[in-house]
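Single-structure report; data block below.
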Amino acid sequence: MSNLTVDIPRPPLNSFTLPLMAVFAGCFGFVVGNVFAQPLIGFLIGAAIGAGVALLAHSLPRSRRNARLGLIVVFGLIGLILVGPGALVAGLLIGAILSWAAYWLGSGAYRSSVPTYYTARQTLWHNSFLFICGLVFFFLIAPLIPVIWLSFNAENFFTFTPEMLNFQAEGYSLKHYRDFLGTEEWMVPLKNSLIIAPFATFISVSLGTLAAIGLSQSHVPGRQAIMAILISPMIVPLIISATGMFFFYAPLGNWLEATLGLNQSFVGYVKVILAHAVLGVPFVIITVTATLVGFDKSLTRAAANMGANPVTTFFRVQMPLILPGVISGGLFAFITSFDEVVVVLFVGSAQQQTLPWQMFTGLREQISPTILAAATILVTVSICLLTTVELLRRRSERLRGMSPG
């Protein structure tokens, strides 16, 4: 069968592409105008530039790539001439976005990702939904960009220096990362976090996996109520959970010290680990329960018919199939423990000071860009772990014969 190609008609310029580009570029101008305390003028200038880009894209339909590159270069040169080297990157980025939007609208490419039978309203909703998702993603990620950027500041400031804004080499340095990795002030909290988080994760995974498997059985009475109680640490405000944990673990710690003669520092670690494990259990239960939805229970019955006891069935049949969900839950539990600060303030002591605790204390007592270096490292670790979670999710769905999408 031969492949059929459908030519997408170009939308009208004056009634579609040009006004949309004017509004879209006007939003950029409004943001830039706010920087100079002239948002309305910025909107009007941006709208005029957007209309001009739409006209240019409409007049040069056959040289799309060259025209886009030319627009990107022009916007970059405008930023460089009017503001300086710091605006070069912003100009290149704005030029890339506006040129892409102009050709995406002007060529009718916005219909290429929807079925040909979609009406105009359905097409509008489809692309609006994608735009809203992208906007939400941007507002979630945007606050991290200044933090990561400022962590390379060569000065002990929490603000951008002129050298940084102009992308001069002397404005950037790794001194704050050296301060983070080379001082006991930061290495001790990091070591505490690396001690507490793995133990808390192990306890969370063990208890959460067993709870999820038990609650997946239809004969368990009141399993919905039990599930609600087990995942309540995710719902209850953290300050309330921390207060409750303080009143529960403080007498427990005193009893362990007085009755068993355990070291005070060791008891402090035990209390923080148990408290963090409580926070991690709900994540494990949810991810393992989601994995068990597609689990074929006839496999466990077949293993029992072959003479395998419940323990052997669990480790040889059930666990390999739900392992991606278990690991995903463990990674979420690890991130929760590694990034948590409120509970450790209530339950722990100075000897169990974790990295988030040190960052929180530093923000109150001495504001140093080293905190930004620590935050960047935490963000990097979290991104790596969440990427691993996504890869495991896709692998789990492939094993269950589902599409990763």
Side-chain angles (χ1 to χ4, degrees), residues 10-110 127 130-131 134-135 137-155 157 159-172:
R10 296 180 62 181
L13 173 65
N14 294 331
S15 61
F16 183 81
T17 307
L18 194 146
L20 283 180
M21 276 300 301
V23 173
F24 182 67
C27 294
F28 270 100
F30 182 84
V31 174
V32 176
N34 269 317
V35 178
F36 300 97
Q38 297 289 342
L40 181 59
I41 296 178
F43 179 84
L44 295 176
I45 295 176
I49 293 175
V53 171
L55 289 172
L56 181 61
H58 184 79
S59 62
L60 299 173
R62 295 185 178 180
S63 55
R64 172 178 176 178
R65 178 175 299 179
N66 294 335
R68 282 197 60 190
L69 291 176
L71 284 172
I72 293 171
V73 172
V74 168
F75 274 93
L77 291 176
I78 292 174
L80 177 64
I81 295 172
L82 296 181
V83 181
L88 174 63
V89 177
L92 294 175
L93 182 61
I94 293 175
I97 294 175
L98 291 182
S99 60
W100 169 82
Y103 279 102
W104 185 68
L105 292 172
S107 63
Y110 58 89
N127 290 293
L130 295 179
F131 177 77
L135 196 63
F137 179 77
F138 171 78
F139 278 102
L140 290 175
I141 298 299
L144 300 178
I145 297 176
V147 173
I148 298 174
W149 190 358
L150 278 173
S151 67
F152 297 98
N153 193 350
E155 304 294 337
F157 301 141
T159 56
F160 293 100
T161 61
E163 291 80 9
M164 292 188 70
L165 295 176
N166 290 324
F167 293 96
Q168 297 176 2
E170 57 269 21
Y172 294 88

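Just so we're clear, the structure is a prediction, and the values are computed from it rather than from any experiment.
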**Study point:** Nearest-0.5 Å distance, CG of residue L135 to CZ of residue F138
**Key:** 8.0 Å
Point to revise | From S151 atom OG to Y172 atom OH, the distance as rounded to the nearest 0.5 Å | key: 10.5 Å
Exercise for review: For residues P146 and A142, report the shortest heavy-atom separation together with the two atoms involved.
Suggested key: CD-O, 3.0 Å
Review point. Which heavy atom of V53 sits nearest a heavy atom of L71, and at what distance?
Key: CG1-CD1, 4.0 Å
Revision key, fill the gap. Of all heavy-atom pairs linking T159 and N153, the shortest is O-ND2, 3.2 Å
Revision key, fill the gap. In terms of heavy-atom contacts, Y110 and L105 come closest through CE2-O, 3.6 Å
Point to revise | CE on M164 to CD on E155, rounded to 0.5 Å | key: 10.0 Å
Cut-off 3.5 Å, no hydrogens considered: what does the side-chain donor-acceptor table look like for residues 73-80, sequence neighbours left out?
none

Point to revise | Point-to-point distance, once rounded to the nearest 0.5 Å, from CG of L40 to CZ of F30 | key: 8.5 Å
Study note, to complete from the structure: Between T17 and A102, the two heavy atoms sitting closest are CG2-O, 4.2 Å
Revision key, fill the gap. The reported gap from CH2 in W104 to CE in M21 (rounded to nearest 0.5 angstrom) is 11.5 Å
Review point. CD1/I94 to CD1/I49 distance, rounded to the nearest 0.5 angstrom?
Key: 8.5 Å
Revision key, fill the gap. Nearest heavy-atom contact between A25 and G50 is CB-CA, 3.4 Å
